[in-house]
Each structure stands twice: as C-alpha cells, then as structure tokens.
Amino acid sequence: EKEMAAIQEQSNQEYNRIYQSDSAASQELYPSYYAGGYLDQNGELVVLVTDDTAGNQAALKNMAGNQDLQIQKAEYSYEYLQTLMDQITS
C-alpha cells in the first residue's frame, strides 16, 4: 500500500508539472489537444489527447518529467467539453 501511495504521489506531481508548465506560458489552462487525465489501476498517470502526434507526446512527457508517461487518444478536448458544459449551465 505504501508503494501504491508513492506511485500516486509521483503521478500527481507529473500532472501538476503539466498543468503549471502550460498555464504559465499562456492564458489556456491546458494545451488545446489535452482531453483529460486519470490514474490507472497501478496509480500511474494516463493523459488523454485529441492530437496524438509524436511532438505532442514529447511535449507532455517533457512537461511531466516522465519519458514513460502513458498517453492515449480521445475524441474531444477538455476545452471543447468545458465549452459545452458552460453552454448547458448558462
């Protein structure tokens, strides 16, 4: 259980580095291709992207400081889904 907690802590730090890296550089909270993220059953960070290019993968891995970061393709970006939510709730 301590090992899982350590993995999850590392994953949270990676996520925070992605979030802080991009928001410091622009007004956007996340890159336009960012679709979300979650911790898998092993406690490791999985990042979802709409544009699964080698360049985007390299950028996220560098931001996270983890060259083994798991990246998966998703259909809709976080920004798009947030826009829909704003329309529904306004």
Side-chain angles (χ1 to χ4, degrees):
E1 192 161 306
K2 286 184 180 182
E3 184 176 324
M4 176 63 86
I7 292 169
Q8 290 175 341
E9 176 64 26
Q10 178 65 33
S11 296
N12 284 326
Q13 289 174 6
E14 292 169 5
Y15 172 81
N16 287 334
R17 284 193 291 270
I18 291 171
Y19 175 77
Q20 292 169 352
S21 176
D22 198 65
S23 61
S26 72
Q27 296 298 318
E28 296 178 348
L29 290 179
Y30 300 102
S32 60
Y33 54 84
Y34 177 81
Y38 64 93
L39 300 183
D40 69 9
Q41 69 274 11
N42 298 317
E44 295 179 359
L45 179 62
V46 178
V47 177
L48 304 170
V49 297
T50 57
D51 191 10
D52 192 20
T53 65
N56 289 346
Q57 286 190 22
L60 285 167
K61 289 176 179 184
N62 287 336
M63 282 186 258
N66 178 359
Q67 294 305 304
D68 295 321
L69 181 68
Q70 298 179 66
I71 299 173
Q72 295 181 357
K73 182 101 165 96
E75 189 167 348
Y76 301 108
S77 71
Y78 177 84
E79 180 181 348
Y80 175 74
L81 294 173
Q82 190 64 49
T83 300
L84 289 179
M85 182 132 125
D86 291 345
Q87 291 174 355
I88 291 169
T89 59
S90 62

Nearest-0.5 Å distance, [atom1] of residue [X] to [atom2] of residue [Y]:
X: N66; Y: Q10; atom1: CG; atom2: CD; result: 7.0 Å
X: D51; Y: Y34; atom1: CG; atom2: OH; result: 15.5 Å
X: K61; Y: D68; atom1: NZ; atom2: CG; result: 7.0 Å

Transitive ILVMFWY side-chain link L48 to L69, under 4.5 Å: no
L81 reachable from M85 in the ILVMFWY side-chain graph, under 4.5 Å edges: no
Looking at side-chain heavy atoms only, is the closest gap between [X] and [Y] below 4.5 Å?
X: I71; Y: D52; value: yes
X: E75; Y: Y80; value: no
X: V47; Y: Y15; value: no
X: N16; Y: Q13; value: no
X: Y33; Y: L60; value: yes

Taking all non-hydrogen atoms of both residues, which atom of [X] and which atom of [Y] are closest, and how far apart?
X: Q8; Y: L39; result: CG-CD1, 4.0 Å
X: S32; Y: T50; result: O-OG1, 4.3 Å
X: S11; Y: G43; result: OG-O, 2.7 Å
X: M4; Y: N42; result: SD-O, 3.4 Å
X: A64; Y: E14; result: O-CG, 3.5 Å

Per side chain to side chain donor-acceptor pair (under 3.5 Å), N62 is matched among Q57, R17, Q67 by Q67
